[in-house]
Every structure is written in structure tokens, then in C-alpha cells.
Amino acid sequence: MKNISIFEIIFTLFAFFAWSRAILRYRESKISNKDLLLWTAIWFGMVTIISIPGKADYIARVFGVRNGAEFMFFIAISILFYSVYRLYVKANEAERQITNLVRQLALQGRKKNKLP
Amino acid sequence: MRLLIIIPAYNEAKTIKKVIQSIPAKIKGMAKYSVLVVDDGSRDNTRKEAISAGATVVSHLINRGLGGALGTAFEYARRTNYDVMVTLDGDGQHDPKEIEKLIIALTNARANVCIGSRMMDSRGMPWYRVIGNYGLNVITLILFGIWTTDSQSGFRAFSFSAIRKIEVRTDKMEVSSEIFSEISRHKLSYVEVPIKAIYSRYSLGKGQRNSNAFSIIFKLILKKIAS
């Protein structure tokens, strides 16, 4: 019987908490099916890798990385980079929409005020 | 031919009136012209000063940056069917008497875009600006395949066709390089003419800082990836 470490318990609880947040956001229609699937895969994948002894090391060797801890580190960094990129794209899109709105208001305002 | 002179302005109450009043009454090759100031959410009297100098003003409710203001200018020019559009800075850095020079170059070369280059004769330009501009020219070449001597110049002329084709999507200072991206995307022809830049303590304080270059490069690279 495998001993469960405190880290495994805390990480599993945190993963379930984060997953429940994703479900809530999905119910509120704030994230798409695709996003829910992505987050489900990420959190369940993480819990699986953490819970099965030697699994992380095995996957790491498949990808040519020395050990499981390093592999997890690379994955975490990659996810973070991707998340930052997505956030940047979304923020840019929001900025662009604000600019369009400000532009339309400015051009309509000129018509109404009949400036020289 | 009808000409639209655009002055994007943000808190330029000190200089805007003088810039508008320095525009020559007659511009060769143009039947008539109008001046449009895009007031980009100024908190001073820019709008009032521009109106009192006889310009038409469109005002952004909030500040959106140079790209946002130029995008509004293009949209205005499209809606009002102008034949030629010239943009210049509101801080007094450009001499409005040189507008004619840009228009002559544009029509003689039958080009779509004419850039007034400060770097063809960079005497008087602070050395750190020469380096910063040169760096951004190289980045523009790498990203968009166009070599220009002054990718950051705000003194430009656009033909009827360029006004309709160029789509400004960026909000801030990166718009200057974005215009070259649009020139490349639509295969527009362009020429450059040397212009003199008037550097004062005021215009140097208002202009682009070298530290902005990193932000511009980052945004241009992301734009390139996203497209």
C-alpha cells in the first residue's frame, strides 16, 4: 500500500477546487466547452501524474527529460507561457473593441455638434 | 483634389493653434483642404484651441494612443471621401510648409504613400533618437520586409487608394511600424522625402522615448505571430 504524502493530499484538493471553479464558470457560460475540456484534462492529468508512483519519471523519460520533477516544471512553464499569451491576445482584443467604441462615439459626436 | 490634413493630438494646447495657423493658405495641386484634429482624450484645452484656430475636431472620450487617433483619422477620411490625406504631429516638430513637398513627391511618383523622413538628413536629431529610430527601422525590415529610413515618422501623405486600404489595428506608438506592415500587405508603392524636424524641449518631451522601443518590438512580434 502506497503512503500518501501531505503534498499529494493538498495538491489533489487544490486540483478539485480549481476544477470546480472551471465548472462554475462553464455553467455561467463564461468559458466554452473547449476551455472546460482543457482545464479538466489539465487538472485530472496533474492528479494522475502526482498519484501514481514513478509515473512522472516514466513520462519524463519518454520525452527525454531526466526526471518527473523536471518534466512537471517544463510543463508548468509551458502552460504559463501559453496562458500569458492567451491573456495578452484577449486583453488586446478588448482594447481594440474599446477603441472602436470610442472612435464611433467621436465620429457621431462631430455630426451632432456640427463643429466647424 | 481635396486634401485632409490630420493632426492627432493629446494635451497639445500649448502648440496646436500655432501648428494649425502655420499651414499655408494655398497648397499646390489641391483645390481645397480641411484640417482635422483628432483630440485623443486631452485633459487640457486642446479641443478649444484647435476649434478657435479653425480646425474640425473629433474628440475621443478617453485616451487611446496614437494608433487609436490615426485609426479615427483614416475612418473619417474614408467617410468623407478625401483624395489625399497628410498626417503631422501636433507638438510643432513638423513644419506645415513641407506638406506641399510630400504631396508633390506623392503625385510625381504616383505613389500610394509618402513618408517624410527625418533620418535622410538627421542633423539636429539627438544621437539617442538616431540609434532608437535606426533600431526600429531594422525591426520593421525584419518583420515586414520593407526598408525605410524613418519608420517612426509622423509626417506622411496617403493617396485615395491607400486611405481605403490601410487598416489601423494597433492603439499605441507601434502604429508607425504597422503602417509599413499595411504597405507590405497591400503591396502599396511608397516614396520618402527628407524633412526637417524641429526639436524643442517641448517636442522632445512629448515624443517617443527609446524605452518605448522594447514595448513596440514586443507588440509588433506578437502581432506578427497572431496574424
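All values below come from the heavy atoms of this structure, side chains included, with hydrogens, waters and symmetry mates left out. Every chain is numbered from 1, with letters handed out A, B, ... down the list of sequences.
- For CZ of A:Phe44, the number of neighbouring non-hydrogen atoms (other residues, nucleotides, ligands) closer than 6.0 Å is greater than 12.
- With a 4.5 Å cut-off on side-chain heavy atoms, A:Ile98 and B:Asp171 do not count as touching.
- Taking CG of A:Leu107 as the reference point, atom CZ of B:Arg79 lies at 4.5 Å (rounded to 0.5 Å).
- Atom OH of A:Tyr26 sits in a sparse spot, with 12 or fewer heavy atoms from other residues, nucleotides or ligands closer than 6.0 Å.
- Taking a 6.0 Å sphere around NZ of B:Lys101, one finds it holds more than 12 heavy atoms contributed by other residues, nucleotides or ligands.
- Across every non-hydrogen atom of A:Arg103 and B:Gly67, the tightest pair is NH2-O, 4.1 Å.
- Closest non-hydrogen pair, A:Leu105 versus B:Leu61, comes out as CD1-CD1, 3.6 Å.
- Distance CZ/B:Arg64 to CD/A:Glu95: 5.0 Å, rounded to 0.5 Å.
- Contact detail for A:Ala106 and B:Ser59: the closest heavy-atom pair is CB-O, 3.2 Å.
- For A:Ile77, the CD1 atom is densely surrounded, since the number of other residues' heavy atoms within 6.0 Å is greater than 12.
- Annotation: B:Lys48, atom NZ; neighbour count of heavy atoms from other residues, nucleotides and ligands within 6.0 Å does not exceed 12.
- Of the two parts of B:Thr72, the backbone and the side chain both hold a non-hydrogen atom closer than 4.5 Å to a non-hydrogen atom of chain A.
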